[in-house]
Amino acid sequence: MVCMSTSPRSQAVKRDWGHDETGCTVLHIDMDAFYASCEIARHPELKGKPVIIGTGNRAVVSAASYEARAYGINSAMPVASARRKCPQGIYLPVDMAYYRSISRHIFDLIATVTDQIEQVSVDEAYVDVSAALLRWHRPTAIAAWIRQHVSETFNVTCSVGIAANKLIAKLASTNAKPDGMLLVPLARHAEFIRMLPLRSIPGVGPASAERFRRWGVETVAQLATLSENEITQITGSKVHAHGLWLAAQGKDDRRVTPHTPEKSIGNERTFMTDTTDLQEVSNLLRRSSEDVAATLRARGLLARTITTKLRYEDLSYGTKALTLSAPVDSAASIFPTARKLLFALLHMEKTDTELPRPVRLAGVSASGLSPAQSTALQPALDLGFDVETAEDGPDLGVEPQKLRTAEKTLDSIRTRYGKGSVHLGVG
Ligand SMILES: [Mg+2]
């Protein structure tokens with residue numbers, strides 16, 4: 001897989017196009033030299049050096065740091081040619097599992113802004129921010145937040161294009177690279193794309209570029225002088241021609257189609273033997289809640305919905321979820337909710353000490369995730385129950401906000417001494 005863009009760029013379009021963000025609800029986010037950046041993130045001593053991902057004489061280059069690109073190294077170039085151009089380069093093998101895990105974490109972070117994410121590859125996605133604008137107000141504010149947090153958290157930079165459609169957003173991010181952001185206001189879409197070579201339009205490969213060249217068409221500006229019929233004659237495809245004719249006007253009617261790998265954080269465990277012991281099941285839910293809460297805090301997230309899951313001895317399972325009145329990230333809030341959901345799931349009375357049927361596995365998950373930095377916490381409601389059910393919550397005897405602080409302290413102890421080292425006496 002090749003993750004380095006080879007599409008032509010034009011210095012001329014990398015400029016200030018104005019600040020009217022109206023209608024610019026599509027972000028194209030693209031990690032810069034992703035595989036190479038991931039390697040540099042775990043080997044900081046490689047920073048500033050020409051790093052090339054791809055080894056072996058028959059292999060091709062999968063990614064190259066910008067320092068390596070200065071030597072004329074491109075993706076899909078045979079590694080042997082790259083070695084001739086840059087013998088002093090650092091050549092590393094592809095570690096897809098590692099890049100995928102970084103990618104997953106990056107997209108988890110982006111998903112805290114909105115779930116309207118269409119991930120197109122391990123390092124690239126379109127994001128429709130229309131709904132997120134209710135809270136964020138400006139697309140550029142979202143892009144800036146994502147760029148800053150991806151860079152700070154993962155030591156990987158990304159470039160973001162902001163426009164009214166996928167085509168212009170993608171071309172904007174390409175031309176913002178590396179480590180840049182480019183807004184193209186709606187009114188300037190046509191002007192922007194007409195400054196680019198024809199080859200920069202996704203879908204115009206060497207073969208169609210050659211057909212257009214024979215007609216004297218090498219730029220989008222020249223394409224824009226042709227009718228849809230003329231373009232059909234050149235390409236031989238009505239569908240392709242329609243897309244190109246739209247592109248020459250800076251238009252693109254493809255929608256952002258969300259595809260999000262993970263929208264929740266969960267933890268579940270299997271019992272040594274199937275059990276009906278409420279105390280045992282409670283203890284497990286408490287530990288799962290602590291794990292989920294620690295993960296939320298580690299990722300800087302708050303969750304609005306808590307789900308309890310049970311798997312029974314016949315391997316069938318049941319879940320029950322509750323959406324809280326305020327988002328949470330502490331076991332002090334998650335565990336009582338999870339326990340309450342356990343009772344609801346099995347139609348148990350408060351006084352019961354046995355489950356009506358044996359369970360094999362129990363777990364807790366948190367969803368409705370949002371970034372802690374941009375979500376207002378409501379200390380008075382931090383326990384998070386809906387008002388009418390709040391009285392069923394256990395009396396913790398401590399203010400939830402204090403427990404939340406206590407748990408944050410425990411995070412650092414667990415980090416130093418291991419997960420099992422300390423537990424809060426919640427519940
Ligand atoms: Mg990329």
If only side-chain N and O atoms count, and only distance matters, is there a donor-acceptor pair under 3.5 Å linking [Y] with [X]?
X: D32; Y: S159; answer: yes
X: E39; Y: Y99; answer: yes
X: E21; Y: T140; answer: yes
X: S151; Y: T157; answer: no
X: R304; Y: T323; answer: no

With the threshold set at 4.0 Å, does a side-chain nitrogen-carboxylate oxygen contact exist between [X] and [Y]?
X: D291; Y: R269; result: yes
X: E268; Y: K309; result: yes
X: E118; Y: R255; result: no
X: D20; Y: R188; result: no

Answer whether the closest heavy-atom distance between the side chains of [X] and [Y] falls below 4.5 Å.
X: K170; Y: E124; value: yes
X: V94; Y: T55; value: no
X: M348; Y: L355; value: yes
X: M31; Y: I106; value: yes
X: T307; Y: K320; value: no
X: L285; Y: V364; value: yes
X: V122; Y: M96; value: yes
X: L369; Y: L302; value: no

Within the side chain of [X], is there an N or O that forms a donor-acceptor pair under 3.5 Å with the backbone of [Y]?
X: H242; Y: K238; value: no
X: T153; Y: H149; value: yes
X: K47; Y: H43; value: no
X: D252; Y: R254; value: yes
X: N165; Y: H189; value: no
X: R311; Y: S316; value: no
X: K14; Y: K177; value: yes
X: N283; Y: E280; value: no
X: S37; Y: A33; value: yes
X: S282; Y: L278; value: yes

Can you measure from [atom1] ([X]) to [atom2] ([Y]) and round to the nearest 0.5 angstrom?
X: R69; Y: I52; atom1: CZ; atom2: CD1; value: 11.0 Å
X: D277; Y: L284; atom1: CG; atom2: CG; value: 11.5 Å
X: I146; Y: M181; atom1: CD1; atom2: CE; value: 10.5 Å
X: E290; Y: I334; atom1: CD; atom2: CD1; value: 10.0 Å
X: I162; Y: S173; atom1: CD1; atom2: OG; value: 10.0 Å
X: L296; Y: T112; atom1: CG; atom2: OG1; value: 11.5 Å

### Task
Report the residues that fulfil ring-ring contact (aromatic ring centres under 6.0 Å, His included) with W17, sequence neighbours left out, ordered by chain and then residue number.
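W17 satisfies ring-ring contact (aromatic ring centres under 6.0 Å, His included) with F192 once adjacent residues are dropped.
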Restricting to non-hydrogen atoms, name the atom on [X] and the atom on [Y] that form the minimum distance, rounded to 0.1 Å.
X: A125; Y: Q119; result: CB-CA, 3.8 Å
X: S367; Y: S264; result: CB-CB, 3.8 Å
X: A338; Y: T308; result: O-OG1, 2.9 Å
X: A362; Y: S288; result: O-OG, 4.5 Å
X: A64; Y: A36; result: C-CB, 4.0 Å
X: A241; Y: T235; result: CB-OG1, 4.0 Å

### Task
Begin from the C-alpha positions of V127 and T114 and carry the test side chain to side chain contact (heavy atoms under 4.5 Å, CB included) through to its verdict.
CA-CA 8 Å; V127 179; T114 177; 3.4 Å; yes
### Task
Test I142 against every option in I110, L133, T25 by the side-chain contact (heavy atoms from CB on, under 4.5 Å) rule and name the one that passes.
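Considering I110, L133, T25, a side-chain contact (heavy atoms from CB on, under 4.5 Å) with I142 is found only for L133.
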#### Entry: Intermediate values then yes/no, side chain to side chain contact (heavy atoms under 4.5 Å, CB included), V256 and K166
CA-CA 7 Å; V256 174; K166 289 164 83 169; 4.1 Å; yes
#### Entry: Lys/Arg cation over aromatic Y71: K85, 6.0 Å, 45° cone
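The answer is no; the distance or angle limit is not met.
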### Task
Test the R360-Y312 pair against the cation-pi criterion, namely NZ or CZ under 6.0 angstrom from the six-membered ring centroid and within 45° of the ring axis.
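Not satisfied by the 6.0 Å and 45° rule.
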### Query
Does CZ in R42 sit with more than 12 non-hydrogen atoms of other residues, nucleotides or ligands closer than 6.0 Å?
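More than 12 heavy atoms, drawn from other residues, nucleotides or ligands, come within 6.0 Å of this atom.
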### Message
Is there a side chain to side chain contact (heavy atoms under 4.5 Å, CB included) between I117 and I29? Walk through the geometry before answering.
### Response
CA-CA 10 Å; I117 301 169; I29 303 171; over 6 Å; no
### Task
Could you please spell out the steps behind the side chain to side chain contact (heavy atoms under 4.5 Å, CB included) verdict for V61 and I53?
CA-CA 6 Å; V61 172; I53 309 305; over 6 Å; no
